[in-house]
Novice: 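Pasting a structure below so you can have a look.
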There are 2 protein chains.
Amino acid sequence: MANIKDVAERAGVSVATVSRVLNGRSPVAATRERVLAAVEELGYRPNVVARALRTARTRTLGLVISDLRNPFFTELADAVEQEARRLGYSLIIGNAGESPEQQDDYIRTLLDRRIDGLMVSSAGTGSAMLHEVVSAGTPLVLLDRSVPGVAAPCVRAEGRAALTDLAAHLAALGRRRPAVIVAPAGTPVGDERLELFRAALLGHGIALPPERIGSSPDLSSAGGRRVTRDLLDLAEPPDAVLATDNLMALGALDEVRARGLRIPDDLALVAFDDVPWFAHTDPPLTAVAQPTRELGRAAVHTLLERIEGRPAGSVLLPARLVVRRSCGEPPTH
Amino acid sequence: MANIKDVAERAGVSVATVSRVLNGRSPVAATRERVLAAVEELGYRPNVVARALRTARTRTLGLVISDLRNPFFTELADAVEQEARRLGYSLIIGNAGESPEQQDDYIRTLLDRRIDGLMVSSAGTGSAMLHEVVSAGTPLVLLDRSVPGVAAPCVRAEGRAALTDLAAHLAALGRRRPAVIVAPAGTPVGDERLELFRAALLGHGIALPPERIGSSPDLSSAGGRRVTRDLLDLAEPPDAVLATDNLMALGALDEVRARGLRIPDDLALVAFDDVPWFAHTDPPLTAVAQPTRELGRAAVHTLLERIEGRPAGSVLLPARLVVRRSCGEPPTH
DNA sequence: GGGCGCTAGGTAATCGATTACATCGGGAGG
DNA sequence: CCTCCCGATGTAATCGATTACCTAGCGCCC
């Protein structure tokens, strides 16, 4: 493969001149033409490895995602990738599979590859490597999940408005005994969603007692199903369930079907996260949609600000309620 | 960040010795200890960019996937990533979004980054860049989709056994008027699946006339739905439908529901590709499961063979029929 | 005891770009 | 006409590793 020296020889100039032409500095028209012609004829492409060594910039970003097979994160990763690419960066995606060890291992690899910046949707509750990233000075942005004690901007969705709408929606449909399925205790997003929902319900005089708050051992459909089973076995079972993640919603759906219950007649079901196939379930699920692609874009922009040395704060984007038919009476429009 | 020179100074040896210790060649115990201690104290990590420049190997693979948001490809990408990582390689994933231009663009970027090898599940019908990859000598493996005229091994699943089983299954359940939803004409995988299914049906004396072969304009649920509509509008509508892709199966499900038809009573539905939520539809879908993770692993292994200069042929792994309840009578076990 | 071979480890070239600095030539101003 | 300055371009250092080649020292054998 042709290198810059070959181009220089062919054009009858020095390598410095070739570099300058290609990077848009100075050289005059005639020289410029000759260099570009040589580049064309040889099919020259700059060696980005050599360039990265010299400039100490790889034009590569890293993304460590907690579970790539969760459709919410798939879409998030896709959005990040597209935006990074649009701005001239490549992306290396690492899938932590909800394991903090694998996450740390991945971050290590990415740092070794001298990525210009890192985005992490952290598995579990924080990790040692995250602190190391910060103290090593590598620009970092937390995505979807904030991590206490890590000094980095966080880009995520905020559910206040959507959950307020949801509470109103449920109240209007006469649901009085809501329940919530939350992720394992201690994950900040789950707790926040729970508290916002509780507050919103309170505005309609509806309580959310502890027995109707089910904590799943993990973010999986099996976990969601187990929690739903317990909720439905209560002496006073709920008449509405909010699952705070799409996989747990799927598990809830399974349990409801297994018992021969009907949605929305016997139980209303709402999911946090709107993934494509929720529109295709029977009935279509009402969901709190996160602005997934916007989150991805915002994460990249925030990271680039940091990379270019500008300060950048956290970003909170509002989620919104998508009403379908799983709580009763279809939307009237 | 500490570099090899810092380590050399601290250990009181030359950089060559440090390099040798770290790469496992010669030096004697005492020196070795000193070097490793210095590495430890300084938290030294080799600069992989510099190493790549010198050795002309980046230990990075590229994967260009036709549509990352299609759950089949999500899982495939995840499997590839895990295996690559296990073998000490990083992976850059590019999502072509079923666009040949974007695919070419991506391949260009990956070549520029001097990846050691490339895997492609090609969007559309081939592309100019693929030939360029081959003639540039970059090891290439085609994944899931073969491309006529490109001299590279192809790793994919083969449906003969599964479709033979499916034909028997449908025949046993008394289905006599099967239909197929195929991807746009000209995509080799779709055509192959169609022909294998046709042959298998013939073995049971069941015909597959042209009017019951619906060709979707694209690999999407909307496309699948449109085709299903046409099939159901036939004077003699089918009593079983095989969708050759999971998204098109989803569209078929939508159309069936919209018409108030019941599965399996009014229509049997089978999908090619088994994705997680097929087990959660109502009823759970019978599907032809590709050995997705094995495909990913095989692709990485085949590629590494090529990278290390050994010849490697194509790999065909058998798909298998997963019987659930969308064709009638549950399995008797 | 001298020559030989072997090994540990140092010196320096190299990968392919970017870029600080030097040089050269020409035009403008005094 | 000379000087000064500026713009175009060349020369060479540099990024951080790997590795070919060379040297020094040691032990062994005759």
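Small disclaimer: the values here were computed from a predicted structure and weren't measured.
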Novice: Is there a donor-acceptor pair under 3.5 Å between the side chain of A:Asn3 and the backbone N or O of A:Asp6?
Specialist: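 Yes; judged by distance alone, with no hydrogens or angles, the pair exists.
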Novice: Need one value for A:Val13: base, sugar-phosphate or nothing, where a base atom within 4.0 Å counts as base even if backbone is also close, heavy atoms only.
Specialist: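 Sugar-phosphate only.
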Novice: Under 3.5 Å, is there a donor-acceptor pair linking the side chains of B:Thr60 and B:Ser90?
Specialist: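 Short answer, no.
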Novice: Report for the helix from C:dG1-D:dC30 to C:dG30-D:dC1: angle between first-end and last-end helix axes, five pairs each, rounded to 10 degrees.
Specialist: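 The angle, to the nearest 10 degrees, is 60°.
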Novice: Does a side-chain N or O from A:Thr31 land closer than 4.0 Å to OP1 or OP2 of D:dA8, or not?
Specialist: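 Looking at the OP1 and OP2 atoms of D:dA8, neither is under 4.0 Å from any side-chain N or O of A:Thr31.
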Novice: Could you tell me if the side chain of A:Leu143 sits less than 4.5 Å from the side chain of A:Val80, heavy atoms only?
Specialist: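 SC-SC contact between A:Val80 and A:Leu143 confirmed.
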Novice: Are B:Val315 and B:His301 side-chain neighbours, meaning at least one heavy-atom pair lies under 4.5 Å?
Specialist: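 No, every pair of side-chain atoms sits at 4.5 Å or beyond.
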Novice: According to salt bridge (Lys or Arg N to Asp or Glu O under 4.0 Å), does anything in residues 132-156 of chain A pair up with another residue at least two apart or in another chain? List the pairs.
Specialist: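 As it turns out, the salt bridge (Lys or Arg N to Asp or Glu O under 4.0 Å) pairs with a partner in residues 132-156 of chain A, which skip direct neighbours, are A:Glu98-A:Arg145, A:Arg108-A:Glu132, A:Arg156-A:Glu192.
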Novice: Answer yes or no: is there a donor N or O on one side and an acceptor on the other, between the side chain of A:Asn95 and the main chain of A:Leu68, under 3.5 Å?
Specialist: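 Checked: pair present.
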Novice: First locate atom CE of B:Met119, then atom OG1 of B:Thr302, and finally report the distance between them rounded to the nearest 0.5 Å.
Specialist: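 Those atoms lie 10.0 Å apart.
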Novice: Heavy atoms, side chains only, cut-off 4.5 Å: are B:Val35 and B:Arg20 in contact?
Specialist: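 No, their side chains stay 4.5 Å or more apart.
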Novice: Sort me out a list of protein N/O and nucleotides 14-20 of chain C N/O pairs below 3.5 Å, or just none if empty.
Specialist:
| unit_1 | atom_1 | unit_2 | atom_2 | d |
| --- | --- | --- | --- | --- |
| C:dT14 | O2 | B:Arg54 | NH1 | 3.0 |
| C:dG16 | N2 | A:Ala50 | O | 3.4 |
| C:dA17 | OP1 | A:Tyr44 | OH | 2.9 |
| C:dA17 | OP1 | A:Asn47 | N | 2.9 |
| C:dA17 | OP2 | A:Ile4 | N | 2.2 |
| C:dA17 | O5' | A:Tyr44 | OH | 3.3 |
| C:dT18 | OP1 | A:Asn23 | ND2 | 3.3 |
| C:dT18 | OP1 | A:Arg51 | NE | 3.0 |
| C:dT18 | OP1 | A:Arg51 | NH2 | 3.2 |
| C:dT18 | OP2 | A:Ser19 | OG | 2.5 |
| C:dT18 | OP2 | A:Asn23 | ND2 | 3.4 |
| C:dT18 | O2 | A:Arg54 | NH1 | 2.4 |

